[in-house]
Number of protein chains: 2
Amino acid sequence: MDENTLFDKLIAFTAAVHQVKHEMTQGIKPEGITPVQYSMLEYIAVSQPVTLSKISDCQQMSMPNTSREIKKLCDKQLCEKYDDPSDRRKQYVRLTGEGERVMKEAFGHVGARFLTRLQNASEQDLQEIVHAMDVLHSRVFYTDK
Amino acid sequence: MDENTLFDKLIAFTAAVHQVKHEMTQGIKPEGITPVQYSMLEYIAVSQPVTLSKISDCQQMSMPNTSREIKKLCDKQLCEKYDDPSDRRKQYVRLTGEGERVMKEAFGHVGARFLTRLQNASEQDLQEIVHAMDVLHSRVFYTDK
DNA sequence: GGATTTGGTTATCAAATGATAAGTAAATGG
DNA sequence: CCATTTACTTATCATTTGATAACCAAATCC
């Protein structure tokens, strides 16, 4: 396998995913939420409950800025903090009911848009697509570190 | 195929790609280039030559802002504009030699980081990965519209 | 050939984001 | 038990980004 071919494909592929995701999420962002906040909500939605430090790490933003943005999201009642009983320095963040609702709706819109791309795919095509995602997710785009 | 499973996987997958790409490109950004500018350079690198309107469309930023940022990149000698002889309103953008060099280096760093994720993959694994990218790129994450 | 559209520019403003310094309180480690 | 580290907060500032209005010149459209 030619290494450069692989790299070129990786670059092109990640760029494409990035762009399509960008298109898909255009206009769905809940009222009054900034892009960074949306991205945090998305991360919380799939990883909750999660500490501020973890959010800071994974979203690659400084703790002060993470703290500020989470505070804003809490003010908007989209998420809430609660103490870790075993370590009182730590605070976990989770979505509120409203936050769940908002993100569910956002994900629904994204889903609907993806659906238009998949509407003339056969059952077999879908199987293949799911398999491809599993392969790449587990082998290349894993995020645990 | 359960539609929700597919959506959940799509959401999780795009989030993972996004995050990994973010990690991969951390710290590689050439001196004095902002995130938006880097993203534009990346787009130009894989799509050149390309008009300002097209960049504006695909990067989903307004023409005034596109114009401003491209101007900055031209000032930095990373890209250059030239006229379309058949339509004198249009201007194409392409990387300069220096721009090519800078992006090649950036892509090289990203490639190297991906390599560490793939170092214990067999030839067969790599084939499978490339195939998976081809499937997803052509069926789900195509960007021509 | 005059109105409209297309492609792009300049200027300006507000908001979002990133970075830094300085602080608190709880846990951990000799 | 004192020093250090971890988890998080508050405040502040500069830069980036997004949005809008007003403009020019070339192309196109009746």
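So you know, we letter chains A, B, ... as the sequences are listed, proteins then strands, and number each from 1. Only a predicted model underlies this, so the values are computations on that prediction, with no experimental measurement involved.
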Is there a chain of hydrophobic side chains (I, L, V, M, F, W, Y, each step under 4.5 Å between heavy atoms) that links Val46(B) to Leu41(B)?
-> no
Using side-chain contact (heavy atoms from CB on, under 4.5 Å) as the criterion, list what pairs up with Ala121(B), not counting sequence neighbours.
-> Asp125(B), Leu126(B)
In terms of ring plane angle, is the pair Phe13(A) and His137(B) parallel, tilted or perpendicular, where the classes change at 30° and 60°?
-> perpendicular
Got Thr5(B) and Lys9(B) here, is their nearest side-chain heavy-atom distance under 4.5 Å?
-> yes
What residues, two or more places apart in sequence or in another chain, satisfy side-chain contact (heavy atoms from CB on, under 4.5 Å) together with Pro64(A)?
-> Ser62(A)
Which residues share a side-chain contact (heavy atoms from CB on, under 4.5 Å) with Pro35(A), sequence neighbours left out | Lys29(A)
List in numerical order all residues of residues 65-78 of chain A for which some heavy atom is under 4.0 Å away from an atom belonging to DNA chain D.
-> Ser67(A), Arg68(A), Lys71(A)
Can you check the Lys90(B) NZ to dT9(C) P distance for me, whole Å?
-> 14 Å
Assign Thr51(A) to base, sugar-phosphate, or nothing according to its heavy-atom contacts below 4.0 angstrom with the strands shown.
-> sugar-phosphate
Atom CD of Gln124(A): over 12 foreign heavy atoms under 6.0 Å = no
Nucleotide by nucleotide, 5' to 3', does protein get under 4.0 Å of the base (B), only the sugar-phosphate (S), or neither (-) in nucleotides 22-30 of chain C, counting heavy atoms?
-> ----BS---
Through what angle, rounded to 10 degrees, does the axis of the helix from dG1(C)-dC30(D) to dG30(C)-dC1(D) turn between its ends, using five pairs per end?
-> 30°
Please list residues of residues 30-42 of chain A whose heavy atoms come under 4.0 Å from any atom in DNA chain D, ordered by number; otherwise none.
-> none
Using side-chain contact (heavy atoms from CB on, under 4.5 Å) as the criterion, list what pairs up with Tyr92(A), not counting sequence neighbours.
-> Pro49(A), Thr51(A), Tyr82(A), Asp84(A)
Residues 34-46 of chain B vs salt bridge (charged side-chain N to carboxylate O under 4.0 Å, His left out), sequence neighbours excluded, gives Lys21(B)-Glu42(B)
Could you state the atom-to-atom distance from CD of Gln60(A) to P of dG18(C) in whole Å?
-> 11 Å
Decide whether Phe7(A) and Ile28(B) are clustered together by the hydrophobic rule: side chain heavy atoms of Ile, Leu, Val, Met, Phe, Trp, Tyr closer than 4.5 Å, transitively.
-> yes
Please answer whether the main-chain N or O of Pro85(B) pairs with a side-chain N or O of Asp83(B) as donor and acceptor at a distance below 3.5 Å.
-> no
Cut-off 3.5 Å, side chains only: do Gln59(B) and Thr66(B) have a donor facing an acceptor?
-> no
Residues pairing under ring-ring contact (aromatic ring centres under 6.0 Å, His included) where one sits in residues 22-64 of chain B, two or more places apart or in two chains, turn out to be none
DNA chain D: first to last nucleotide in contact with chain B (atom under 4.0 angstrom from a heavy atom), 5' to 3', is dT16(D) to dA27(D)
Do Arg117(B) side-chain atoms and Val140(A) backbone N/O form a donor-acceptor pair below 3.5 Å?
-> yes
Apply salt bridge (Lys or Arg N to Asp or Glu O under 4.0 Å) to Arg68(A) and list each qualifying residue two or more places apart in sequence or on a separate chain.
-> none
